[in-house]
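To start, the structure itself, in structure tokens.
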Amino acid sequence: MFALIDCNNFYVSCERVFNPSLNGKPVVVLSNNDGCAISRSDEAKKLGVPMGAPVFKYKSIINQHNVVVLSSNYPLYADMSHRVMTTISKFIPDIEIYSIDEAFLKFEGYENYDLFSYASKMRNTILKWTGIPTSVGIAPTKSLAKISNKIARKFPSQTKHVYILDTDYKRSKALNYFPLNDIWGIGRRLSKRLQNIGCKNASDFVNLPEQWVKSNLSIVELKIQQELKGISNLDLDSLKIKKSIATTRSFEKPVSNLSKLKERVSTFSLSCAEKLRRQNSLCNIMIVFIRSNYFRKDLKQHSCSRVVTLPYPTNSSFVLNNYALKAVENMFQDKIYYKKAGVIVTSLVPNNSYQLGIFENEDYRHKSLMKTMDYINSKYGEKIKLANQDLKRKWKMKQEFLSPCYTTRMDDIIKIK
DNA sequence: TCTGGGGTCCTGTGCCGC
DNA sequence: TCTGGCGGCACAGGACCC
């Protein structure tokens with residue numbers, strides 16, 4: 001059996017742990033630049049603030065009902081997530097951390113356990129130790145565990161936040177209940193396509209001939225279909241090695257000036273280099289993109305990307321920065337208001353075993369220089385920069401409603417008098 | 001005025017070499 | 001020497017997830 005454990009309204013719940021006055025009130029947490037609502041309390045959901053809604057469109061609801069609006073505080077959420085995951089692994093060793101607020105678990109050798117009471121004990125412990133409420137769905141496959149988790153969340157008074165989908169009767173009842181786009185892996189586009197051929201709910205999808213699914217959709221949908229039938233196709237993915245690393249941002253204000261754009265992209269490339277070094281990887285390929293604001297139909301649009309195949313695998317800030325800047329110069333067009341840019345590194349290889357080039361290899365001094373740079377920056381804050389970065393950095397992400405970093409910054413720790 | 005970021009995977013297209 | 005078919009590859013773009 002598999003279980004999916006999911007933190008309820010995770011970002012809002014993290015905020016509530018340290019600020020209990022938010023309990024019972026409608027609360028939303030916003031995305032970067034305070035753009036969209038990406039986490040909502042039950043009260044805010046009831047008021048009709050949708051997931052991912054641009055917050056300026058819902059100002060009247062927010063003002064009318066005194067909805068508390070917060071900027072996202074990632075250091076806090078990352079630390080709380082770590083606490084929750086550590087607590088879970090004390091109960092079950094087979095764990096796949098699927099996202100910041102979700103984990104899949106595998107119950108192997110738990111045949112003699114009462115899974116309901118074991119899962120309830122786990123969620124009570126998490127609540128007690130971290131303050132974060134969770135829901136647990138248990139089923140024979142990962143896809144069904146997802147559905148089971150939805151049931152646990154949707155009917156809290158009946159399920160007490162733990163639901164076990166363990167019989168054919170429960171399975172077919174659940175599949176008849178949930179619409180297509182509630183199935184893990186079936187999004188907006190695909191559910192529309194399936195609706196057009198007469199599928200109304202998950203059950204209709206499961207009853208489609210396998211051959212048809214394979215030839216008209218893809219192998220991914222076929223796997224989902226089998227999982228929903230109760231045939232396990234997806235196992236725990238415990239060792240997750242990243243295949244790409246990205247740093248991308250929307251700008252608070254549009255950028256139409258090449259040197260300013262270069263400065264931003266430079267910072268993104270350095271951030272990617274740092275992330276690479278942190279996980280002891282080198283990259284072979286770097287993708288740089290710049291894009292105007294596609295919501296502004298009245299302005300001239302430009303969206304462009306460059307794939308840079310590097311001469312040798314690297315995680316050197318200097319090398320990545322140089323190529324990123326060349327790519328921007330190459331793509332930049334005058335009189336365009338750029339709204340977003342990013343750097344993605346991919347084709348990653350481990351730091352300690354990679355193919356050396358015949359003609360060109362990295363300057364051997366970079367390695368120790370980077371090590372020193374990372375050490376100084378981690379000890380004293382971002383003290384060392386490259387000269388082409390804006391040394392008096394004026395731009396800053398919009399975060400008007402940021403809560404303190406209660407658990408990760410000494411100055412922000414709550415004082416008890 | 002104001003619309004996120006970080007991932008994975010798949011598909012279509014164009015090019016190249018056999 | 002030319003041509004068509006085909007597989008492999010790179011790349012752009014899209015769908016999906018949280």
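Here the structure is a predicted model, which means the values were calculated and not measured. So you know, we letter chains A, B, ... as the sequences are listed, proteins then strands, and number each from 1.
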Of the nucleotides dC16(C), dG6(B), dC17(C), which has the atom closest to the T247(A) side chain? dG6(B)
Length of the CD1-C1' vector between I100(A) and dG5(B), whole Å: 12 Å
Between P of dC16(C) and NZ of K192(A), the distance in whole Å: 12 Å
Please produce a list of atom pairs where a protein N or O lies less than 3.5 Å from an N or O of nucleotides 8-14 of chain B.
| from | atom 1 | to | atom 2 | distance (Å) |
| --- | --- | --- | --- | --- |
| dT8(B) | OP1 | K243(A) | N | 2.7 |
| dT8(B) | OP2 | S244(A) | N | 3.2 |
| dT8(B) | OP2 | S244(A) | OG | 2.7 |
| dC9(B) | OP2 | K243(A) | NZ | 2.9 |

Nearest-nucleotide check on DNA chain B, P54(A) vs R249(A); residue mapping nearer the 5' end is P54(A)
Can you figure out which of dG6(B), dG4(B), dC18(C) approaches the side chain of C36(A) most closely? dG4(B)
K146(A) atom NZ is separated from dC16(C) atom P, nearest whole Å, by 15 Å
For the pair Y118(A) and Y110(A), evaluate ring-ring contact (aromatic ring centres under 6.0 Å, His included) and give the outcome as yes or no after the intermediate values. CA-CA 10 Å; Y118(A) 195 66; Y110(A) 285 74; 5.7 Å; yes
With a cut-off of 6.0 Å (strictly less than), are more than 12 heavy atoms of other residues, nucleotides or ligands near CZ of F116(A)? yes
Within 45 degrees of the ring normal and closer than 6.0 Å to the centroid, is that where the cationic atom of K142(A) sits relative to F104(A)? yes
Under 4.0 Å between any heavy atoms, over every strand shown, what does I183(A) touch: base, sugar-phosphate, or nothing? Just pick one. sugar-phosphate
Measure from NZ or CZ of K170(A) to the centre of the six-membered ring of Y163(A), then state whether that distance is under 6.0 Å and the direction lies within 45° of the axis. yes
Take a 6.0 Å sphere around NZ of K45(A) and say whether it holds more than 12 heavy atoms from other residues, nucleotides or ligands. yes
If the P atom of dG4(C) is compared with that of dC15(B), how far apart are they to the nearest Å? 16 Å
For atom NZ of K229(A), is the number of surrounding heavy atoms from other residues, nucleotides or ligands below 6.0 Å larger than 12? yes
Look at all strands and tell whether I344(A) reaches a base, only sugar-phosphate, or nothing, counting heavy atoms closer than 4.0 Å. nothing
Sticking with atom C1', work out how far dT3(C) lies from dC16(B), rounded to a whole angstrom. 15 Å
Does R291(A) count as lying over the ring of Y338(A), i.e. NZ or CZ under 6.0 Å from the six-ring centre, within 45 degrees of the axis? no
Just checking K340(A): base, sugar-phosphate only, or nothing, at a heavy-atom cut-off of under 4.0 Å? sugar-phosphate
Students often get this wrong, so: under 4.0 angstrom with heavy atoms, is I186(A) touching a base, only sugar-phosphate, or nothing? sugar-phosphate
Could you check whether D101(A) gets within reach of a base, just the sugar-phosphate, or nothing at all, counting any heavy atom under 4.0 Å? sugar-phosphate
Given dC11(C), dC17(C), dG5(B), the nucleotide with the shortest approach to the side chain of W184(A): dC17(C)
Gap in Å between the two P atoms, one belonging to dC18(C) and one to dT1(B), rounded: 33 Å
Heavy atoms only, 4.0 Å cut-off, all strands: where does S72(A) land among base, sugar-phosphate and nothing? nothing
Would you say D34(A) and S71(A) are linked by a side-chain donor-acceptor pair, where the criterion is simply a distance under 3.5 Å? yes
Any residue in residues 286-308 of chain A with a heavy atom nearer than 4.0 angstrom to DNA chain C? Just list them by number, or reply none. S305(A), V307(A)
Assess, by modelled atom type and distance only, whether the side chains of N233(A) and E227(A) contain a donor and an acceptor separated by less than 3.5 Å. no
Under 4.0 Å, counting only non-hydrogen atoms across every strand here, what does K339(A) touch: a base, just sugar-phosphate, or nothing? sugar-phosphate
Taking N257(A) for its side chain and S259(A) for its backbone only, find out whether a donor-acceptor pair lies under 3.5 Å. yes
